[in-house]
Amino acid sequence: MADTATSAPGLSFPRATFAKLTPAPFLQAHLKQPQPIRPSGRKPDELREPVINTGSLSHSNGSAVVRLGDTSVVCGVRGEILLASEVPHPPNEDVSEEDLVENLGLLVPNVELSTGCSPAYLPGNPPSNSAQSLSWRIGSLLHASSLLRPDDLTISYTEPKSADMGPDEEPNTTVKAYWTLYIDILCISLDGNCFDAAWMAVMAALKDTKLPKAWWDADRESILCSPHANDARGLTLNSLPSTTTFAVFSTASPLKQRSEAESWVLADPDAFEEEICLESVTVALQGDKIVRIEKHGGPRVGKEAMDACVALASKRWEQLQKLGGSV
Amino acid sequence: MQADRRRLNAPAGGTAPPTFAPTTTKPPRRARKPDEHRKIFLQTGIVPSAAGSAYYELPPQSIPQADGLLQPATSSLKITCTVHGPRPLPRNAAFSPNLLLTTHVKFAPFATRSRRGWIRDASERDLGVHLETALRGVVIGERWPKSAADVVITVLEGEEDGWHGIGKEAEGGRAGGWGSMSVLAGCVTAASAALVDAGIDCVDLVSGGVAALVGAEGEGRDEIVVDPTPAEHDIKAACLVAYLQSRDEITEMWMKGDAGNELENLLEQAVRSATLSRSVLVDAVKEAAEAKVGLQEPINGRSKKGQDVTMTG
């Protein structure tokens, strides 16, 4: 110990100090080894193993807790009733079934980062840009993948047959109300890649969601729900998409030749890596179908790298299939 | 009210929570002894990016959905607490000879039977003030002049405020607000554990305890119970204390309702309740401290860090 201290007195700082002082060279030194290992001990293409618990919150219709390394996210789904008579601008007849959910705004996802999950997001302020963008991305992906069937969310009423109705006449059926699903996502602990963790939590919570049986009570002129658990039913979900996020670390600099720059694609980045990587890729897959690819910033990801990302994303999809059906 | 443009909002028509058809259910009954506290689960170090953190839970007592109903009769209490700091005050802030302690208490929207908003309401701010006074008495603020620390609490699941029979929602959501006392007691205990985890010097561990004067069933006198579950009792008065056992000091006391002659007994039982939760707090802190000095494996099972590398250039 004493020998090393005398031979290299300048380099006897602990790892954490280097990581704090010069984060980019620190990460580069790890990735430049013959067998690249990230500071967290993972390989560049290694995903963190998710841990998913469902149904632990008693006041939600469906809930899930997802832990992805040191990132943990809680999601609660709660159903409330929107009366069809109170919709200010009822959708036209020509609105297709798939668009109905989006048109009425029946899914309300919100991500909250100001829960003390990280010193960067202290409470007492309005939601930061990243929290707002996360909510929006989750909402748009929910609508784009048309997960929910509108039938599950409508409460309709069939009028009883009256005496003056002919034997062939069908009784009138009207839509009286819709279920609105509030999807509240709280980040409890943040160590990078909040989007994947939040999306997994939303998927697991929706799978866990059971809505009570509801009907229009003509005498009370209101919607009543059955308090019995046996009457409640789950949502019919199409196959659930999975998302995988990658960060791209690059040594490119305007002071250097372009050819000297090296870049690495890091799967499932943690907070330390997210901070130094300027470029990121998110791939959403539904089985072998690509639902969405988002790429932000930087020119480093070419065709090959993108293919590798999609291949890894399908690995995550399989990993999630194994974990719990099609979460 | 103007919609919150920073969040995704409910549909314009407004939504109402579901109304359930009436059923005949009886409120749950207390199965514990009057002087028995619910089991407490407390763990520190759950948020690695914070200076200190703790998770506090009172697991549900009865088997949920035993009667085949969708809504559980009682709820458990789940609280996470993180401490950020001490960190230096910004340059433009006024000089402070002490550590400035800020507390935030926020319920998750799904924490209670009626959905809560995202913005802190007055009751949550009030809980924050109570918590601040409870903690200010233990933190040795003089050791950190010109610095600040934040105590942030998120209540993932709150205590019920009373018995909500199915079909009784119309009678006003919060009957008396008794539940917030148990929540605050949990907050005090969790915050104390998180402060220790953050390494902020305290004169002692502070623990929260609640006792209540409840009406007896049928005939008989009112009795005092420790750690009441509002759904199980007809509460007449309740008292919360934040108690430092080794110094025999109370940093915060909050009493509601008419206790009559039983005032002192009620206070004594609340202190007793606080000493019961203190034993859990001591164990949790001790366990975390042992893990830190390497006597034990890390409790939160963190992945092993990478090996040292040589840095050049």
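What you are looking at is a predicted structure, and each value in this text was computed from that prediction instead of being measured. Naming: A, B, ... by sequence-line order, numbering from 1 per chain.
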Practice prompt. With a 4.5 angstrom heavy-atom cut-off, could you sort out which part of A:A232 is near chain B: side chain, backbone, both or neither?
Written response: side chain
Fill in: A:W215 CH2: over 12 foreign heavy atoms closer than 6.0 Å
yes
Item to complete: Give a yes or no on whether the backbone of B:A288 and the side-chain of B:T44 come within a donor-acceptor separation of less than 3.5 Å.
Response: no
Discussion item. Let's test your reading of the structure: which of A:N129, A:V74, A:V87, A:T115 forms the most heavy-atom pairs below 4.5 Å with chain B?
Written reply: A:T115
Worksheet item: Among A:E86, A:R220, A:H59, which has the most heavy-atom pairs under 4.5 Å with chain B?
Response: A:H59
Discussion item. Could you check whether any side-chain N or O of B:R120 sits under 3.5 Å from a backbone N or O of B:K106, counting only pairs where one atom can act as donor and the other as acceptor?
Written reply: no
Practice prompt. Tell me, out of A:S60, A:G124, A:S118, who's got the most heavy-atom pairs with chain B below 4.5 Å.
Written response: A:S118
Fill in: Verdict with supporting geometry, B:T15 and A:Y178, side-chain hydrogen bond (donor to acceptor under 3.5 Å, both in side chains)
CA-CA 9 Å; B:T15 59; A:Y178 303 95; over 6 Å; no
Discussion item. Does the Lys NZ or Arg CZ of B:R115 fall within the cation-pi geometry relative to B:F110 - under 6.0 Å from the ring centre and within 45° of the axis?
Written reply: no
Item to complete: Heavy-atom distances under 4.5 Å only: say whether A:P119 touches chain B with side chain, backbone, both or neither.
Response: both
Worksheet item: A:F26 versus chain B, heavy atoms under 4.5 Å apart: side chain, backbone, both or neither?
Response: both
Worksheet item: Is the shortest side-chain N to carboxylate O distance from B:K292 to B:D197 below 4.0 Å?
Response: yes
Worksheet item: Can you tell me if B:S49 uses its side chain to pair, donor with acceptor, with the backbone of A:C117 under 3.5 Å?
Response: yes
Worksheet, complete the sentence: So, the part of A:S226 with a heavy atom under 4.5 Å from chain B: the answer is backbone
Worksheet item: Under 3.5 Å, is there a donor-acceptor pair linking the side chains of A:Y121 and A:S130?
Response: yes
Worksheet item: With a 4.5 angstrom heavy-atom cut-off, which part of A:N110 approaches chain B: side chain, backbone, both or neither?
Response: both
Discussion item. Surrounding CD of A:E274 (heavy atoms of other residues, nucleotides or ligands, distance under 6.0 Å), is the total greater than 12?
Written reply: yes
Item to complete: Sort A:L104 into side chain, backbone, both or neither according to what part of it lies under 4.5 angstrom from a heavy atom of chain B.
Response: backbone
Fill in: Proximity breakdown for A:R48 and chain B, heavy-atom pairs closer than 4.5 Å
neither
Worksheet item: Picking from A:I188, A:N230, A:I223, A:V77, which has the most non-hydrogen pairs under 4.5 angstrom with chain B?
Response: A:I188
Fill in: Which portion of A:I185 sits near chain B, non-hydrogen atoms under 4.5 angstrom
backbone
Discussion item. Quick one about B:E159 and B:T229 (side-chain donor to acceptor, distance below 3.5 Å, no hydrogens or angles considered), yes or no?
Written reply: no
Worksheet item: Top residue by heavy-atom pair count (under 4.5 Å) with chain B, among A:I81, A:T22, A:L224?
Response: A:I81
Fill in: Top contributor to chain B contacts, counting heavy-atom pairs under 4.5 Å, from A:G105, A:A131, A:G76, A:P127
A:P127
Discussion item. So for B:I153, is it side chain, backbone, both, or neither that comes closer than 4.5 Å to the heavy atoms of chain A?
Written reply: neither
Worksheet item: What part of A:L57 is in contact with chain B, defined as an atom under 4.5 angstrom from a non-hydrogen atom: side chain, backbone, both or neither?
Response: both
Worksheet entry | Ring-face cation contact, B:F107 with B:R116, 6.0 Å cut, 45° max | yes
Response to the item:
Under 4.5 Å to a heavy atom of chain A? For B:A51 that would be neither
Worksheet item: So what's closer than 4.5 Å to chain A heavy atoms on B:T82: side chain, backbone, both or neither?
Response: side chain
Worksheet entry | Pair B:R7 + A:E112: basic N to acidic O under 4.0 Å | yes
Fill in: Portion of A:L122 that has a non-hydrogen atom of chain B nearer than 4.5 angstrom
side chain
